[in-house]
2 protein chains.
Amino acid sequence: MEQQQHIAQALEMLINNFNQYFPLNTKECEEVKRVFTPRIVKRKAYLLQEGEVCQHYYFVVSGCFKMFAIDADFKEHNLQFAIENDWVADFQSFYDKTPSKLYIEAVEPAIVLQIAHADLLYLYINYHKFDRNFRIIIERKFIDYQNRILQNISSTAEERYIAFQKQYPHLLNRLPNTQIASYLGITSEFLSKVRKKISSK
Amino acid sequence: MEQQQHIAQALEMLINNFNQYFPLNTKECEEVKRVFTPRIVKRKAYLLQEGEVCQHYYFVVSGCFKMFAIDADFKEHNLQFAIENDWVADFQSFYDKTPSKLYIEAVEPAIVLQIAHADLLYLYINYHKFDRNFRIIIERKFIDYQNRILQNISSTAEERYIAFQKQYPHLLNRLPNTQIASYLGITSEFLSKVRKKISSK
DNA sequence: TAAGGAACTTAAACTAGTTTAACTATCTTT
DNA sequence: AAAGATAGTTAAACTAGTTTAAGTTCCTTA
């Protein structure tokens, strides 16, 4: 059946993702296939909304998500985008079991593989390799965040936009500029001005 | 001898730090005592300078550090401060063995316990618990960074300074305002203005 | 104990980025 | 095919934050 083949492909993608770090053995692969479950997400649907406890850690198989907060003036601020092969969750809520202040919304129709908190703990406790691989995954995300903070405190909006273009060329076509502006911490009107200035060079 | 007692105290602090997460057994404690070595750092001395490969992961026993980058205009931008019980390193350089773009400098006389890259790998490979505990340590730092990014893209300098006061009251007294301004991503002149405005309320 | 250097403040002139508003184009849904 | 929402641009008036410079205090080290 077609559906089952899609699931098999998604799981293969996930296992390949783990294998980039410390490859899984047969038993570990079986456990992954057992505890990760697929989920189809429509455009504009949420994986997480403010006030909910983040119950799952998500691996993105296809599509694109934005994770954002809404401030007192009802403005959205994009913390990160997640596309194929990315991991996304609100860790603070996921590990502390506290209500999240964040939203995770599909900006394109998407497929994810999700693992529940208890299942992840099960993997951590029984297989050294998942502590290892998730440590490495989070370390890489930490490095990305650190570089982004450095940019935020040291560069102008124009410099940050140019850096974004270089670092995420594949996202430029997939996201409206309003979303990129929100990620960069500027208004979309000002991004428009910046883009005009750059293109006139 | 007095020196040895200081070292014993520092190691106890380190082990207590690990024990906050998943407590170490006797063998793991012994290994920690074997592979972490103490280092005394004078004020204004560096643990890391731009161009060097970050060879150690540092646990701060006492004192205070700033980690920063220097931009094209020779201005410093503080990425983080580290005091007692904090961990500090440039991960990108440490794991990839690439020259660092960062500096780690003592702003107070300090004592650290350092572990070399190879020794950390040894712990990771032989003891599940270190992968586990360092995963948790980095996850917490990741959450802090994420909250900071959200602040940077969504709040004014005044709001960020007030948040800093709340989150790090103990750092306010230990750091000159110039260093805090650099951390917040503003000039010290503007921080002066912000502080005046706040105090006049 | 003198002197040089950090640290802090103030202020005036400037620039980067926001706000509000209006217009156009494109997509989405019915 | 129409209608409404979403996206992008422009511009004028505004505000947040920078730059340069000068003056003061405090701290450090010779």
Side-chain angles (χ1 to χ4, degrees), chain A residues 42-45 63-64 66 68 70-78 81 103 105-109 151-165 171-201, chain B residues 42-45 63-64 66 68 70-78 81 103 105-109 151-165 171-201:
Chain A
K42 288 183 189 161
R43 196 172 106 88
K44 298 200 181 180
C64 183
K66 60 176 176 178
F68 62 95
I70 295 186
D71 70 16
D73 299 326
F74 306 106
K75 286 182 187 158
E76 295 184 7
H77 301 280
N78 287 339
F81 302 116
Y103 298 79
E105 181 188 333
V107 296
E108 293 173 3
Q151 286 243 326
N152 282 338
I153 65 177
S154 68
S155 304
T156 63
E158 181 177 341
E159 289 164 341
R160 265 140 54 210
Y161 179 64
I162 290 170
F164 183 89
Q165 287 182 310
L171 282 180
L172 278 181
N173 322 304
R174 287 172 77 170
L175 289 167
N177 287 326
T178 46
Q179 296 304 322
I180 294 171
S182 165
Y183 177 93
L184 295 175
I186 57 175
T187 59
S188 67
E189 292 87 349
F190 190 60
L191 178 55
S192 220
K193 211 188 272 188
V194 165
R195 283 160 48 80
K196 191 182 178 189
K197 187 181 167 199
I198 291 172
S199 70
S200 74
K201 279 182 183 169
Chain B
K42 287 184 189 161
R43 195 170 108 90
K44 298 198 180 180
C64 182
K66 60 178 178 177
F68 62 95
I70 295 185
D71 70 15
D73 299 326
F74 306 105
K75 286 183 186 157
E76 295 184 7
H77 300 280
N78 286 339
F81 301 117
Y103 298 78
E105 181 188 334
V107 297
E108 293 172 2
Q151 286 243 327
N152 282 338
I153 64 176
S154 69
S155 304
T156 63
E158 181 178 343
E159 289 164 340
R160 265 141 54 210
Y161 178 64
I162 290 169
F164 183 89
Q165 286 182 310
L171 282 180
L172 278 181
N173 322 303
R174 288 172 77 169
L175 289 166
N177 287 326
T178 45
Q179 296 304 323
I180 294 171
S182 166
Y183 177 93
L184 296 174
I186 57 177
T187 59
S188 66
E189 292 87 350
F190 190 61
L191 179 55
S192 216
K193 212 188 273 188
V194 165
R195 282 160 48 79
K196 192 184 178 187
K197 187 181 168 198
I198 291 171
S199 71
S200 74
K201 279 183 181 169

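In what follows, every chain begins at residue 1, and chains take the letters A, B, ... in the order their sequences are listed.
Here salt bridge (charged side-chain N to carboxylate O under 4.0 Å, His left out) pairs that include residues 174-189 of chain A, with residues two or more places apart or in two chains, are A:E84-A:R174, A:E108-A:R174.
Applying the side-chain hydrogen bond (donor to acceptor under 3.5 Å, both in side chains) criterion to B:R195, with sequence neighbours excluded, gives B:Y161. Residues that satisfy the salt bridge (charged side-chain N to carboxylate O under 4.0 Å, His left out) test with A:E159, not counting sequence neighbours, are absent from this structure. In terms of the side-chain contact (heavy atoms from CB on, under 4.5 Å) criterion, residue partners of A:A163 (sequence neighbours excluded) are, by chain and number, A:Q151. By the salt bridge (charged side-chain N to carboxylate O under 4.0 Å, His left out) test, B:R43 pairs with no residue at all, sequence neighbours left out.
Each end of the helix from C:dT1-D:dA30 to C:dT30-D:dA1 gets its own axis from five base pairs, and the two axes differ in direction by 60°, given to 10 degrees.
If you take OH of B:Y161 and C1' of C:dC8, they are 12 Å apart, rounded to a whole angstrom. The CD-C1' distance, from B:E108 to C:dA6, rounds to 16 Å in whole Å.
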Nucleotide-resolved protein contact map, nucleotides 8-29 of chain D, B/S/- at heavy-atom distance under 4.0 Å: SBB------BBBB---------
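Taking the six-membered ring where tryptophan is involved, the planes of A:F164 and A:F81 are perpendicular, since the angle between them exceeds 60° and thus also 30°.
Heavy atoms only, all atoms of each residue included: B:H77 and A:I153 are closest at ND1-O, 3.6 Å.
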List the atom pairs, donor and acceptor, that lie under 3.5 Å between side-chain atoms in residues 176-186 of chain B and the rest of the protein, sequence neighbours left out.
residue, atom, partner, partner atom, Å
B:Q179, OE1, B:K66, NZ, 3.3
B:Q179, OE1, B:N78, ND2, 2.8
B:S182, OG, B:E76, O, 3.2
B:S182, OG, B:N78, N, 2.8

